Chemist: 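The structure is given below, and queries will be raised subsequently.
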2 protein chains.
Amino acid sequence: MKQSGNDALLPTLEAPATINDVAQLAAVSRATASRVLGDYGTVKAETRTIVLAAAARLGYVPNVIARSMRAGKTLTLGLVIAEIGLSVFDTAMRVVIDSARAYGYQVLVSNTNEELQAERTAIRVMLEKQVDGLIVVSSSVTDLDFLNPRNLQGRPIVLLDRTLAPLGLSSVTGANRQGAVDAVAHFIANGHTKIGLVVFTANVEGETAHQPLGLISSIHDRIEGYYSAMAAAGLPVNPDWVRFTGDADVSAYSAVGSILDAEDAPTALLASNGNMSLAVLKVAKARGLLIGRALSLVGFDDAPWASIITPSITVVNVPIEEMARVAVENLIGQISAATDAGSAELPMNLVLRESVADLRTA
Amino acid sequence: MKQSGNDALLPTLEAPATINDVAQLAAVSRATASRVLGDYGTVKAETRTIVLAAAARLGYVPNVIARSMRAGKTLTLGLVIAEIGLSVFDTAMRVVIDSARAYGYQVLVSNTNEELQAERTAIRVMLEKQVDGLIVVSSSVTDLDFLNPRNLQGRPIVLLDRTLAPLGLSSVTGANRQGAVDAVAHFIANGHTKIGLVVFTANVEGETAHQPLGLISSIHDRIEGYYSAMAAAGLPVNPDWVRFTGDADVSAYSAVGSILDAEDAPTALLASNGNMSLAVLKVAKARGLLIGRALSLVGFDDAPWASIITPSITVVNVPIEEMARVAVENLIGQISAATDAGSAELPMNLVLRESVADLRTA
DNA sequence: CTGAAAGCGCTAACAC
DNA sequence: GTGTTAGCGCTTTCAG
């Protein structure tokens with residue numbers, strides 16, 4: 001049933017064609033085949049045509065794995081994300097993948113669900129897979145020696161969205177502190193004095209009024225921005241106005257509920273991320289509190305729905321697209337030029353919409 | 001400055017340790033080192049300890065690339081997504097990545113932005129990188145021979161969300177037709193007779209009333225469901241009620257606008273995906289049309305914001321998490337058992353909320 | 001301009 | 001139990 005002649009070399013359901021098959025069919029040496037397929041060295045035009053034809057005939061696909069092994073580079077980047085599903089990180093993923101491709105790199109993605117152990121494993125696996133560099137949205141704050149360059153096989157790394165001060169790694173973050181300050185200032189400018197804060201942070205069970213240890217830098221900075229802006233305005237912060245929650249559903253709802261149930265409940269709430277904004281909306285809706293009227297809200301992250309719902313939500317825009325792009329450029333820079341591009345902190349800007357009531361006119 | 005003795009073998013900023021280094025430091029053969037590091041064969045407990053110690057000392061990380069080359073498997077899956085950023089695909093990504101990891105696979109992700117050329121390149125690159133299998137959200141309808149198994153190097157593939165009938169590949173989709181039928185039936189049950197349809201489809205410039213050729217299967221089926229449900233109810237479809245748009249912003253808005261401007265404008269709109277729902281909300285907001293009152297809406301995809309905004313949006317829920325999970329299982333099945341798991345169509349269910357007005361009581 | 005041969009890091013027969 | 005050896009698919013000196 002086999003076909004005769006050279007056709008016997010044609011692709012079957014068996015092993016894919018290798019460069020040897022191409023060389024054989026083209027009746028040249030493996031080296032020559034490699035030269036034309038890899039597009040280097042010098043080959044007679046005629047020979048080149050023959051080899052190309054053979055390759056096409058066989059449906060030859062270069063084995064980049066083998067090539068990588070020799071070259072020591074995989075043209076692959078590792079992206080470790082703390083939480084796929086958070087709008088901001090989904091966007092980061094898209095931008096990282098797209099910009100990496102523009103540089104000829106593919107991206108291996110891992111999700112850690114904010115778990116340190118998963119993060120450690122993800123990094124290890126990517127190192128084993130010989131990624132040329134890493135972009136990491138880390139959830140670790142302690143036990144982070146696995147991110148120490150000494151344990152990174154000499155592979156460059158860029159932290160995205162969150163820094164890890166002790167390691168001195170290059171990072172691309174947003175100006176979280178300033179973002180929170182601007183948000184609080186905006187509330188104050190609109191006559192609010194009782195301003196609450198609801199924080200999503202993975203490292204807590206349920207909800208609590210007590211600020212947990214080991215916050216990631218971005219959240220830490222937002223909280224600090226909140227407190228310092230309040231202090232700067234001479235406004236006291238009632239502990240009842242601040243809550244930390246470990247999930248975006250039930251605990252988040254009860255966290256928001258606790259704040260609203262306070263004797264001296266705030267008129268305004270700053271939500272630490274997009275999911276927390278949704279939680280506030282949810283609770284407000286359940287209680288019949290009109291956002292932008294009975295309750296004011298500013299969130300972080302300009303999710304697609306924020307501008308479209310009624311009322312639209314005033315947010316501190318996290319410039320995640322630019323951050324992701326810069327992270328890739330920084331990483332590629334480190335890879336190709338072995339030059340540490342240092343760290344960048346990109347400004348955040350307040351996007352004014354309809355969710356903050358003006359108490360001065362009331 | 002070099003340290004003396006064996007310490008000279010310790011990791012430096014130079015090349016990462018190989019199995020040879022480990023073997024040498026442990027004073028055993030490469031094979032033995034490989035046995036303990038790869039955890040196979042039999043090694044004396046004592047020897048194993050020594051090797052392990054040497055590996056730890058050197059910070060040895062196995063080179064999975066080299067291992068892959070020998071084994072012919074990379075434990076890597078390729079995920080080609082038509083449009084990262086669409087909530088439904090972001091979710092798919094998360095689930096694919098997480099379930100793949102549960103099986104010991106990593107995921108290489110590519111984004112095609114619904115461009116055929118990008119899709120073709122992405123597949124080629126992934127094949128070159130020797131992924132063990134592919135999950136593809138394809139935007140192609142024509143020119144799809146690159147997805148023909150004959151051109152896939154024998155690598156299994158599962159189509160997600162969209163089928164490609166002519167190729168007979170295994171796929172995991174939602175029951176799009178039925179979903180649309182249910183949505184229309186729901187409108188009708190609530191007394192609506194003038195029901196519009198606004199469709200997002202990459203293969204059109206701007207907006208048009210004319211159904212474009214080459215629709216992807218999911219959209220095709222939704223449209224067909226719409227028309228057949230209308231027909232089944234004996235309801236005429238005014239061509240002014242149906243629009244197709246190629247982007248989710250300006251054209252989408254004008255598409256919705258066109259429909260609402262029709263002389264005999266519909267009271268209800270079916271939006272073909274989450275982004276189109278947002279477009280409808282946007283236009284309705286701009287025109288002061290209250291959703292669930294002056295205009296009724298049912299969308300596809302149960303995005304996180306859909307249940308939380310006011311009014312909450314009735315949607316046809318695309319069971320994307322389950323679809324993604326099944327796709328991974330199907331693919332892993334094909335990889336390990338070489339057994340084609342066939343195709344699956346998962347039911348969609350209508351999630352009733354507040355965006356459909358009951359015209360019977362009016 | 002082309003071929004022979006070595007070797008990237010690892011595993012797996014096959015010996016001993 | 002352990003070492004020797006061959007070789008996965010590819011690139012790259014080094015000869016010719």
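In the text below, chain A, chain B and the rest are named by the order of the sequence lines, each starting its count at 1. Predicted model, so just to flag it, every value in this text is computed and none were measured.
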Chemist: Without decimals, in angstroms, what is the distance between A:I50 CD1 and C:dT2 P?
Modeler: 9 Å
Chemist: What is the distance, to the nearest angstrom, from the NZ atom on B:K73 to the P atom on D:dG9?
Modeler: 16 Å
Chemist: Could you give the CG-to-P distance, from B:N63 to C:dG7, as a whole number of Å?
Modeler: 18 Å
Chemist: Dump the intermediate steps for salt bridge (Lys or Arg N to Asp or Glu O under 4.0 Å) on A:R48 and A:D39, then the final yes or no.
Modeler: CA-CA 10 Å; A:R48 138 175 260 94; A:D39 205 33; 3.0 Å; yes
Chemist: Does a side-chain N-to-carboxylate-O contact under 4.0 Å join A:E128 and A:R155?
Modeler: no
Chemist: For DNA chain D, which residues of residues 27-36 of chain B approach it to below 4.0 angstrom with any heavy atom?
Modeler: B:V28, B:S29, B:R30, B:A31, B:T32, B:R35
Chemist: Using atom CG of B:D39 as one end and atom C1' of C:dC10 as the other, report the distance to the nearest whole Å.
Modeler: 16 Å
Chemist: Does B:D98 pair with B:R325 as a salt bridge, N-O distance under 4.0 Å?
Modeler: no
Chemist: Which residue lies toward the 5' end of DNA chain D, B:K44 or B:A71, if each is placed at its nearest nucleotide?
Modeler: B:K44
Chemist: Looking only at non-hydrogen atoms, find the nearest pair between A:L331 and A:G133 and report the distance.
Modeler: CD2-C, 3.8 Å
Chemist: Would you mind reading off the distance between B:D21 atom CG and C:dG9 atom P, rounded to a whole angstrom?
Modeler: 8 Å
Chemist: Tell me what B:R67 touches on the nucleic acid: a base, only sugar-phosphate, or nothing, going by heavy atoms under 4.0 Å.
Modeler: sugar-phosphate
Chemist: So, A:S170 and A:S343: side-chain donor and acceptor under 3.5 Å apart, yes or no?
Modeler: no
Chemist: Should the pair A:R94-B:E83 be classified as a salt bridge under the 4.0 Å nitrogen-to-oxygen rule?
Modeler: no
Chemist: B:T47 side chain N/O closer than 4.0 Å to the phosphate oxygens (OP1, OP2) of D:dT2?
Modeler: yes
Chemist: Tell me: CZ of A:R70 to P of D:dG7, nearest whole Å?
Modeler: 18 Å
Chemist: Rounded to the Å, how far apart are A:M69 CE and D:dC10 P?
Modeler: 11 Å
Chemist: Salt bridge between A:E114 and A:R162, side-chain N to carboxylate O under 4.0 Å?
Modeler: yes
Chemist: Can you find a side chain N or O atom of A:Y60 that sits less than 4.0 Å from OP1 or OP2 on D:dC10?
Modeler: yes
Chemist: Rounded to whole Å, please give me the gap between CD in B:Q24 and C1' in C:dG9.
Modeler: 15 Å
Chemist: Check every strand shown and say whether A:T42 touches a base, only sugar-phosphate, or nothing at a heavy-atom separation below 4.0 Å.
Modeler: base
